Number of protein chains: 2
Amino acid sequence: MNSNSSSSPKVPIPTLERLATYLRFLIDLEAAQVETISSTDVEKQTGINAAQFRKDLSYFGEFGKPGVGYNVLELQARIARILKIDQLQPIMVIGAGNLGSALIGYPGLTEHKFHIAAAFDRDPAKIGRPQGDLVILNEADVREVNAEIGARIAIICVPAAAAQEVADTAILAGVRVILNFAPIILKVPERIVVRNVSFLQELAVLSYHLSGESQK
Amino acid sequence: MNSNSSSSPKVPIPTLERLATYLRFLIDLEAAQVETISSTDVEKQTGINAAQFRKDLSYFGEFGKPGVGYNVLELQARIARILKIDQLQPIMVIGAGNLGSALIGYPGLTEHKFHIAAAFDRDPAKIGRPQGDLVILNEADVREVNAEIGARIAIICVPAAAAQEVADTAILAGVRVILNFAPIILKVPERIVVRNVSFLQELAVLSYHLSGESQK
DNA sequence: TGGAACCTGTGATGAAATTCACAATCGCTT
DNA sequence: AAGCGATTGTGAATTTCATCACAGGTTCCA
């Protein structure tokens, strides 16, 4: 449904998803100068069950002190480590339309050590245009450019019709994981991990929930 | 983690998520002039398990003919009906930054009968600015404007610091479900359904999967 | 030093989602 | 009209995920 799993063994995907939430939360705590936090506090402030939090962490080792809790800075560092965002992670964005542009300008990415190293489009009108700190490059040069920047993450923001082709190109260029915004299911080799983001899907689920109360 | 469930009884959330995928797929099939499809074909073309597809549909009734399969047009219509997107669904967007603008300009929304009826921001420099077919309105007027347009879906695209406040306002204005792009966990009443979209979370999961072969 | 108040990490339990597997049905062909 | 291959819908089995509940640590304070 979402990821071509494979990869590491026993860690549930939902756990990984929550790790990112924890990280974000810990960064906020740091900003608020909180030094230590217990799983109970996490539950109070995020709504995530305390046992869940502890179990999620337990997949990766021991992080807390009984009777005390977790050191905010240390936990933050260790989660970043687990997620491999403890150092700058280069990313390529393919498709510089509205969405691609929004991503390029999104400050949260840098905060979390993601770095958009290159952006591509196939529209001659866009190629060469400056966009944030970048210049839009020709989609045809993905492979060549990536030999330089070594991005292993690609974000695909092109229309559905072009997405498969673009994904193939990215994979040839050495990309290992793909965040796909196009509303199609990409066919990729086993070893490649894909995650799909679909606004439409999210909206559809929400729309469904409008049901209940209309006739109540 | 994602939705404040409540609402209707026995339908699994993952099933709802897939329904939107099926709908998309069926629209593509229609374009390709396919009239009938079997669950096996669905599995071949989307990677979603055939039994899964059948079970998902079974929550809502019977849709197919044994020995034959499903009528593409009919199934399409019925799924749209289930998701309540068989007629135009008004939506409000709060926050007209890069992301909000991208959504306003996203053609896929209209295709699926979602209609952005109003967009708001609190930045005086943005208020009054035309954006696509809309003019950005003052965030302070959310309630008043929604008395007119009657949106029950809100999309929140403001920075984390403003998101909770904006959500409260939207709820007061009659919104029932929220698509939240801000990286915080919103506190909302039981009856309100929230879904969170986080690029960072998605990227983090992908980044994690880069593990194995980096030393190749 | 001892005990009360807190906490973590985790095995056991429970709930939810996915997949299996098969009886029932359909349409085609002979 | 009867048999066959294809396909659905669904109870049951399986797998995955979430929660419970508690044995051990840790701190603080008297």
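Lettering follows sequence order; numbering is per chain, from 1. Just so it is clear, the structure is predicted and the values come from calculations on it, not from any experiment.
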Item to check | Over all atoms of both residues, closest heavy-atom pair of B:Y70 and B:R54 | outcome: OH-CG, 3.6 Å
Checklist entry - Can a side chain N or O of B:K65 be found less than 4.0 Å away from OP1 or OP2 on C:dG27? => result yes
Next on the checklist: On DNA chain D, does the nearest nucleotide to B:G64 precede the nearest nucleotide to A:D56 from the 5' side, or the other way round? Give the residue.
Outcome noted: B:G64
Item to check | Considering all heavy atoms, the nearest B:A119-B:I104 contact | outcome: CB-CD1, 3.6 Å
Checklist entry - Looking at D:dA21, D:dT26, C:dA24, which one has an atom nearest to any side-chain atom of B:P66? => result C:dA24
Item to check | Rounded distance in Å - CG (A:L57) to P (C:dC7) | outcome: 16 Å
Checklist entry - Could you give the CG-to-C1' distance, from B:L75 to D:dG9, as a whole number of Å? => result 14 Å
Checklist outcome for this item: A:F63 CZ to C:dG9 P, in whole Å, measures 8 Å
Item to check | Residue A:S38, side-chain atoms from C-beta onward, closest of C:dC20, C:dT8, C:dT25 | outcome: C:dT8
Checklist entry - Under 4.0 Å between a side-chain N or O of B:N49 and OP1 or OP2 of C:dC20? => result yes
Checklist entry - Is A:E111 paired with A:R24 through a side-chain N to carboxylate O contact shorter than 4.0 Å? => result yes
Checklist entry - Considering only side-chain heavy atoms of A:R54, which listed nucleotide, D:dG24, C:dT10, C:dC20, is closest? => result C:dT10
Checklist entry - Are A:E74 and A:K65 ion-paired here, with the side-chain N under 4.0 Å from a carboxylate O? => result no
Checklist entry - Parallel, tilted or perpendicular: which fits the ring planes of B:F199 and B:F181, with parallel below 30° and perpendicular above 60°? => result tilted
Checklist entry - How many Å lie between CG on A:N71 and P on D:dT27, as a whole number? => result 13 Å
Checklist entry - Of the nucleotides C:dG9, D:dG25, C:dT19, which one has an atom closest to the side chain of B:Q52? => result C:dT19
Item to check | Axis deviation across the helix from C:dT1-D:dA30 to C:dT30-D:dA1, five-pair ends, to the nearest 10° | outcome: 0°
Item to check | Positive for side-chain contact (heavy atoms from CB on, under 4.5 Å) with A:I178, one of A:I153, A:I94, A:L186, A:I155 | outcome: A:L186
Next on the checklist: In whole Å, I'd like the distance from the CD1 atom of B:I48 to the P atom of C:dA17.
Outcome noted: 16 Å
Checklist entry - Is a salt bridge present between A:E165 and A:R122, judged by a nitrogen-to-oxygen distance below 4.0 Å? => result yes
Checklist entry - Just wondering, do A:H115 and A:I91 contact through their side chains at under 4.5 Å, heavy atoms? => result no
Checklist entry - Which whole-number value in Å describes the distance from B:F53 CZ to D:dT10 P? => result 14 Å
Next on the checklist: At less than 4.0 Å, is any side-chain N or O atom of A:Y70 found next to OP1 or OP2 of C:dG9? Yes or no.
Outcome noted: yes
Item to check | Nearest-nucleotide pick for B:K55, side chain only, options being C:dT10, C:dC26, C:dT18 | outcome: C:dT18
Checklist entry - Is the phosphate of D:dA18, meaning OP1 or OP2, less than 4.0 Å from a side-chain N or O of A:R18? => result yes
Checklist outcome for this item: Taking for A:T15 and for A:G67 the nucleotide of DNA chain D with the nearest heavy atom, the one nearer the 5' end belongs to A:T15
Next on the checklist: Between P on C:dA16 and NZ on B:K10, what's the gap in Å once rounded to a whole number?
Outcome noted: 8 Å
Checklist entry - What is the distance, rounded to the nearest whole Å, between atom CD1 of B:I13 and atom P of C:dT18? => result 11 Å
Next on the checklist: Please tell me if A:S39 has a side-chain N or O lying less than 4.0 Å from either OP1 or OP2 of C:dT8.
Outcome noted: yes
